[in-house]
Structures are given as structure tokens and as C-alpha cells.
There are 2 protein chains.
Amino acid sequence: MELYSNYTQYLVAVDCIVFGYDIIEKELKLLLIKRSFEPMKGSWSLAGGFVEEMESLDDAASRILRTLTGLERIYLKQSFTYGEKERDPGARVISTAYCALIALRDINKEPAVNSEAHWRSIAGLPDLIFDHSLMVNKALSDLQNQIKAKPVGFELLPEKFTLVQMQELYAAIYQKQIDKRNFRKKILSMGILEKLDEKERETSKKGAYYYKFNKERYEKLEQNGFYFNLDVS
Amino acid sequence: MELYSNYTQYLVAVDCIVFGYDIIEKELKLLLIKRSFEPMKGSWSLAGGFVEEMESLDDAASRILRTLTGLERIYLKQSFTYGEKERDPGARVISTAYCALIALRDINKEPAVNSEAHWRSIAGLPDLIFDHSLMVNKALSDLQNQIKAKPVGFELLPEKFTLVQMQELYAAIYQKQIDKRNFRKKILSMGILEKLDEKERETSKKGAYYYKFNKERYEKLEQNGFYFNLDVS
DNA sequence: CCAAAAGTGTTCGAATTACACCCATGA
DNA sequence: TCATGGGTGTAATTCGAACACTTTTGG
């Protein structure tokens, strides 16, 4: 027996806002798909799909991301749910947006990306279908706020990164210049980075030391009332 | 013709987390409903309902709130969407939680509250149905974060309030004592409060001046890069 | 040896904290 | 007149911002 009869049911979808940071071009990018079905076939769209019966919303987001990028265990977070009546002209669809963060070392080497998927620089995005531009704007503004107060920036960087690279990431997201000395002082004083013996030698002769994020240390500090804070000049 | 055939549809609901600040008892309260239908009839629940065909999610939240409290034009904000497979044993329901803030002057005078609705102190809530306790915890933690950085606290206070009352609100939400002089200095220095000539004379012989929030002034400041910040000792 | 990028400290002003007494008034 | 809650200032410290030179090394 089914309870709650007499209420209308709707299609429920998930749309993934996949941000990738390109450490080479020092640019934040967004994964877009050329839509392969009607309505709006051929237009740019976020990676989305409908929620299936045997999965939760979170599961659906993971599945769609895996299908599109081949990646698993990546940072994935619910953003916002869009439920305007006419948002999708094909049918009434309620869609929950998820935000994913990926470190792009070399875009062409990204595993198994669907050929209809393309990385586009955040600066100068094309028009997107439905309310997808809205979704992106909200997610980006949330990312800008979140990256100040939570260590999510590390999700956009490779395992090993230099302080220069980390600073470039913050500069790209905030769209402003950052003072090198103040930035280093601040991030190092938090005590959540581990300096490695290895140096990155591709961009300079002197070479820059690699660091990695010490997640265990961060979590221990957080429990003791420590707040990550990286509001920078 | 219907596009997107072959995908399962689901019930879509809205649950309202209605916080009310009781200026007399100096306590944050939550509006709970004794559920009147199966499953879980008789248990405590948030104010919820299903989304109807002619309304958006936001519209549904407003409608449910109006039906339950008789109030309109109150602060209402989407919180989070809950979509676990088995979250509602009656059927698969995807539910978007909304958070509302209300100033309670005198609970018994609140307009037209459904007789199955009750205000309960945040300290010592009963068990709630489904994942409603989760919803409340998340919304409360978001409120604690938000009230530091946005002037949402004023939604929990009456139009006219004293600085003592405002401080008591912050103390109730942060669950800690706040230094009177530092608090007053900080909030007054923002320049977004308007001092009235009138005094509140019920709680003291001397009387405390009423203030009100100057929203226009706040919005002008915000456009010029001003940030509301009320992290207090 | 030199160009190019990495790395490093100090000073100054602003903001935050801690803290204790006087004021006004109704009963 | 006195008990009650409202209202006020200052000193010490911490934090954030601005700022320029030295180091390393491959070519």
C-alpha cells in the first residue's frame, strides 16, 4: 500500500558543477557538456542526470560525476535545489546542484572524460541551458566564501604543491593579487602543511619546496576550536 | 508530449524549520507539529507538506508557513535537500528544508497558530520523525554561522529592541556570555542602528533606549564593500 | 655571470580583548 | 534611599597590511 496518495510526483535530477583548477594556466575551469538530447540539444549544459530508484541524491551525484570524469573519491558537496515551475521546458523537474572540486594537472590527461565534455575557463563562459548559469554563479560565490574558512582549496591542488602554486590558486579564485610574505606567514602559522624534502624544478632554477596538506593534523586542531582562516590581502 | 520518459518520479516535499526567539524567556525556540497522519502519527515533526503543481519550492515553503503560523513576509531561506532512499518509510520523498526566523513577543499571542503546533525550547528538543533532527541540527549550525556575518539577527527581534535585548539574543544563540561594552561598541560602530527617543521601561526603572535596524543604510554600506561582522567575545 | 623565481622580517596602525564604576529611577 | 539594571572608557595586546632585498642555480 502506498501512503501519501493524491500528491503529484515529479522528476528529480542532479546537476554537477565541476570546478577544476588548472595549475599550469593558473585558472579555474568549469566542466561543460554539449547536450545530446532534446530539449536544447546541442547547447552547453552542466553535467546532469535523473535520480534513480536505488540511489540517494548524493549517490546520484557521485554516479554522474564518475560517468563523466571517471573520478571517484573527490570532494562533492550539495549546493542548492532549484525548483521553479518552468525551469525545464521539457517537464517539471526539481534539480539539486552539487559542486565538485578537481585538481587538473594536465587537462588532456584527465581520465576518461566523455568526449562531449569540455573544460572552459570561468572567465568567459558561454550561455548555459535553463537555470544552469544561476547554479554556476551561486556555486562560485559559495566557493569563494568557503575557501576562506575551510581547507577546501587543497581539493583543487595536487597532493604535492608549492606555496607559490597555492597562492596562485587563491589569487585566481579571489581575482586579486596576494602578498607573498603575508600569505606564507599565515598559511604556515596554521601548522597544517607538511614540508617535503622534494623540490618542484620545472618553473624555476632554484626550485620550490613541495608541501602537502596534513588532514589529520587539521582535524585535530579543528576539534580543539581552531578555525581555518585565509582572508588575504 | 512528455519528454524524459522512462524516469521515475518522486514525491517532493518541503519542511520548515521555524526558529522563534522569545525575548522574554531569552531563548531560541523551534516550532514543532504533532503529526496528524500516518506513518508516525502522533510524533513530533517539523512543519512540512508536499509541493503542489502550481507552485515553486519557495512558494510551497511560504504557503506551508502561512498555513501554520498565519505569517507572511518573514525571513525564509532554503537550507538543504534530503534525499536518502529510506528517509520516509511511507514512500520515497525528496524533501527540501527551509529555515524561517520569527520574533516571538508573546507566544500565546502569535497569530493563528495551528493548535497542533507548539514552540519548544532548542535546549531539550524531543525526538523528531525521520531525519528531522538532522535538519534542525544543520539549520541551527548554519544559523550560528550566518548570524555572525549577516544581519539576520534582526529577523528574530521585534522592530524596536534595546541593545541589551540584542545582546541577549546573541548570547542565547552562541550559548556564551558576551561583554556588554565590547558588544555595544562593535554594533554601534557599524552605523546601521537608529536610536529612538523611546525607552523600554518594563525591565528596569532607568529604562533602556530602543533602537531599530536601518536596512537602507546597511544595504548602502554593503554595496561599498562593508561587511557585517559580529564575532563577539 | 646573470636572469628568474624562491624565500625571508620588520614596522605601523587598527582591531580586539579585558576590565569596573557611575547613572537614573521607581518603589 | 537603595536596589536594579543601563550605560560608559581606557590600556594592553594581538592581528593584519605594507613593504624590498637576498638566495639559489641552470643556462
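Every chain is numbered from 1, with letters handed out A, B, ... down the list of sequences.
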Inset, instruction - Give the rounded distance in Å between these two atoms: NZ of A/Lys185 and P of D/dA18. - result: 12 Å
Inset, instruction - Using whole Å, report how far CD of B/Gln167 lies from P of D/dG7. - result: 11 Å
Legend entry - Rounded distance (Å) that lies between atom P of C/dG7 and atom CD of A/Gln165: 11 Å
Inset, instruction - Please confirm whether any donor atom in the side chain of A/Lys205 sits under 3.5 Å from an acceptor in the base of D/dG27, or the reverse. - result: no
Legend entry - Within the 6.0 Å centroid threshold, strictly below: A/Tyr21 and A/Phe19: no
Legend entry - Proximity of B/Trp44 and B/His118 rings by center, below 6.0 Å: yes
Legend entry - B/Arg201, CZ: over 12 other non-hydrogen atoms inside 6.0 angstrom: yes
Inset, instruction - Using the closest heavy atom to pick a nucleotide of DNA chain C for each, name whichever of A/Thr203 or A/Asn182 lands nearer the 5' end. - result: A/Thr203
Inset, instruction - Answer yes or no: side-chain N or O of B/Lys206 and base N or O of C/dA24 forming a donor-acceptor pair under 3.5 Å. - result: no
Inset, instruction - Round to the nearest Å and state the distance from B/Lys195 atom NZ to D/dG6 atom P. - result: 14 Å
Legend entry - Separation of C/dA6 P from A/Asp179 CG (nearest whole Å): 15 Å
Legend entry - Whole-Å distance separating the NZ atom of B/Lys26 from the C1' atom of D/dG5: 10 Å
Inset, instruction - Examine B/Lys150 relative to B/Tyr75 and say whether NZ or CZ is less than 6.0 Å from the centre of the six-membered ring and inside a 45° cone about the ring axis. - result: no
Inset, instruction - Check B/Phe154, B/Tyr210, B/Tyr170 against B/Phe161 for a ring-ring contact (aromatic ring centres under 6.0 Å, His included) and give me the one that passes. - result: B/Phe154
Legend entry - Nucleotide C/dG7, atom P - distance to CZ of A/Phe183 in whole Å: 13 Å
Legend entry - Out of C/dA6, D/dA20, C/dA20, whichever nucleotide has its closest atom nearest the side chain of B/Arg181: C/dA20
Inset, instruction - Ignoring backbone atoms, test whether A/Arg184 places a side-chain nitrogen or oxygen under 4.0 Å from the OP1 or OP2 oxygen of C/dG7. - result: yes
Legend entry - Contact under 4.0 Å: A/Lys186 side-chain N or O vs D/dG16 OP1/OP2: yes
Inset, instruction - Nearest-nucleotide wise, let me know which of A/Lys199 and B/Lys180 is further upstream toward the 5' end of DNA chain C. - result: A/Lys199
Inset, instruction - Using atom CG of A/Leu188 as one end and atom P of C/dA6 as the other, report the distance to the nearest whole Å. - result: 15 Å
